[in-house]
Enquirer: 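Starting off with a structure, shown below.
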2 protein chains.
Amino acid sequence: MTAETKINLSEQARERLLAAARVVFSENGFQNATVREICRRAEVNIAAINYYFNSKEALFAATLNFEPLLALCKKINQGSICAQERLLDFIHDFLMQLLDEKEFSVQCQFMARELAEPTPVLGKIVQEAIAPIHQFVANLVCEIVGEKINEAELRRCVFSIFGQCMYYRHGQPVIQRLHPKLRYDHREIEAIAKHIGEFSLAGLKQIAQNECP
Amino acid sequence: MTAETKINLSEQARERLLAAARVVFSENGFQNATVREICRRAEVNIAAINYYFNSKEALFAATLNFEPLLALCKKINQGSICAQERLLDFIHDFLMQLLDEKEFSVQCQFMARELAEPTPVLGKIVQEAIAPIHQFVANLVCEIVGEKINEAELRRCVFSIFGQCMYYRHGQPVIQRLHPKLRYDHREIEAIAKHIGEFSLAGLKQIAQNECP
DNA sequence: TTTACTTTAAAACAAACGTTTGATACACTC
DNA sequence: GAGTGTATCAAACGTTTGTTTTAAAGTAAA
């Protein structure tokens, strides 16, 4: 058995642990997820979490990956289309990461969880992921409504956009009971993105008129 | 000591328990709230919860009170003003109940919690409070954009309005870290209500144009 | 084979949780 | 004053939680 093979084998437990943790954390949140469930799904002993990582919290931190979210901002900034189109693209891609269960959206779903149920790593998440993405949208809004908008109103515009998007994830337990047939398939997400995009652009235009009549 | 006085005294513990439970549940959610903390604040023995109520869950159910929220709908329906104005009034009053800590808004805050962290009584909450209030807003939206809007788009309009409002409560842990100076005083809530109202009316007008060009 | 090191395993740990118990004090009825 | 039902209390119950321990199994180099 080569050294490489050994590393692969010994790393298997660690990787299976990470994969299982991503699933269980995103399904149940940090608090409700139990180390026993994670280990059961990863098919490792319960002591493995504290062997490979040092704690449940460190395992949670290790599962975080902000790159897909930040890559989304960079990708959209590269295009040379107008600010309105870029905002529509962002809303679409953001909802895809947030709602599509088939995608690698699990990391993004953590952040949605954190909004409602703060954990000790929330500070890090806000600093490295949420703040940049809020700033990104704030810049887009500035381009759309003009620079003369005041800071408080700009903040509320950003909140209006994120609020609409996040509601579909935060409110899922309620939405599921209100509309049991509703499923977030690809077509539905497209429709949601189209709606929020048009709704928000009209809203922003109204705010811009208020500020500069 | 009269019989009435005796009842008052014996009911004191029960009432103090309810009052403390409302506070602790709204601050920490159902799961994170502990019976020991509730009893400590109510200054009763830890056995009192299972003596007066039968369980922590039954105590939680007993603290629920949907009347302020439903009264809000009735009050607004009584006015003879146009649908737009009624929607603005609703958003304002709803945000007041949702965000103002000085008001008797504690009951309303439960429902916000439930959105993200479902408990065994969520079904009851959706049926008796959230569904009616969603229907109320849906009716307002119908009046504003015209009856010809299709069901899915109507639902998304309602979600856009509630999403904007709820974000200020759901996102509070994050918002607090993003904007540490931001406080939900009376003036700020008024400003938020004004923003969401204008933003949403413009959004609805745009959706109405799409449906009936 | 011996040695040193890494990985796995079962069991137990301490803490926190909601809940229950059994005793005690009290007010009222007969 | 004995008996009855209510209210309160400290203590302990049984579970579940994340974490730790201790020992065994496996692996690679000497």
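In the text below, chain A, chain B and the rest are named by the order of the sequence lines, each starting its count at 1.
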Enquirer: Rounded to whole Å, please give me the gap between CD in A/Gln31 and P in D/dG18.
Expert: 9 Å
Enquirer: Please determine, by modelled atom types, if A/Asn28 and A/Glu37 share a side-chain donor-acceptor pair under 3.5 angstrom.
Expert: no
Enquirer: Which of the following nucleotides, C/dA12, D/dT8, C/dC17, is nearest to the side chain of B/Tyr51?
Expert: D/dT8
Enquirer: Check the phosphate of C/dT7 against A/Tyr52, side-chain N and O only, distance under 4.0 Å to OP1 or OP2. Yes or no?
Expert: no
Enquirer: Would you mind checking if A/Glu151 and A/Arg156 are paired as a salt bridge, meaning a charged N to carboxylate O distance below 4.0 Å?
Expert: no
Enquirer: Is a donor from one side chain sitting under 3.5 angstrom from an acceptor on the other, for A/Gln135 and A/Asn139?
Expert: yes
Enquirer: Rounded to the nearest 0.5 Å, what separates atom CD1 in A/Ile196 from atom CZ in A/Phe94?
Expert: 9.5 Å
Enquirer: When the distance from CD of B/Gln12 to P of D/dT6 is rounded to whole Å, what number comes out?
Expert: 19 Å
Enquirer: I'd like to know whether A/Asn32 forms a side-chain hydrogen bond (donor to acceptor under 3.5 Å, both in side chains) with B/Gln31, so could you lay out the CA-CA distance, the side-chain angles of the two residues, the decisive distance to 0.1 Å, and finally the verdict.
Expert: CA-CA 9 Å; A/Asn32 283 16; B/Gln31 186 123 251; 2.8 Å; yes
Enquirer: Which whole-number value in Å describes the distance from B/Asn28 CG to C/dG18 C1'?
Expert: 16 Å
Enquirer: Quick one: A/Arg36 CZ to D/dT17 P, roughly how many Å, whole number?
Expert: 7 Å
Enquirer: Figure out the CD/C1' separation between B/Glu37 and C/dA16, and round it to whole Å.
Expert: 14 Å
Enquirer: Measure the distance from NZ on B/Lys56 to P on D/dT16 and round it to the nearest whole Å.
Expert: 15 Å
Enquirer: What is the distance, to the nearest angstrom, from the CZ atom on B/Phe60 to the P atom on C/dC17?
Expert: 18 Å
Enquirer: What pairs with B/Asp185 under side-chain contact (heavy atoms from CB on, under 4.5 Å), at least two apart in sequence or on another chain?
Expert: B/Arg187, B/Glu188
Enquirer: Side chain of B/Arg169, backbone of B/Leu98: donor and acceptor closer than 3.5 Å?
Expert: yes
Enquirer: Under 4.0 Å, heavy atom to any atom of DNA chain D: which of residues 42-50 of chain B qualify?
Expert: B/Val44, B/Asn45, B/Ile46, B/Ala47
Enquirer: Would you classify A/Ala33 as touching base, sugar-phosphate or nothing, given that sugar-phosphate means primed atoms plus P, OP1 and OP2, and contacts are heavy atoms under 4.0 Å?
Expert: sugar-phosphate
Enquirer: Whole Å only: how far is the CG atom of A/Asn32 from the P atom of C/dC17?
Expert: 14 Å
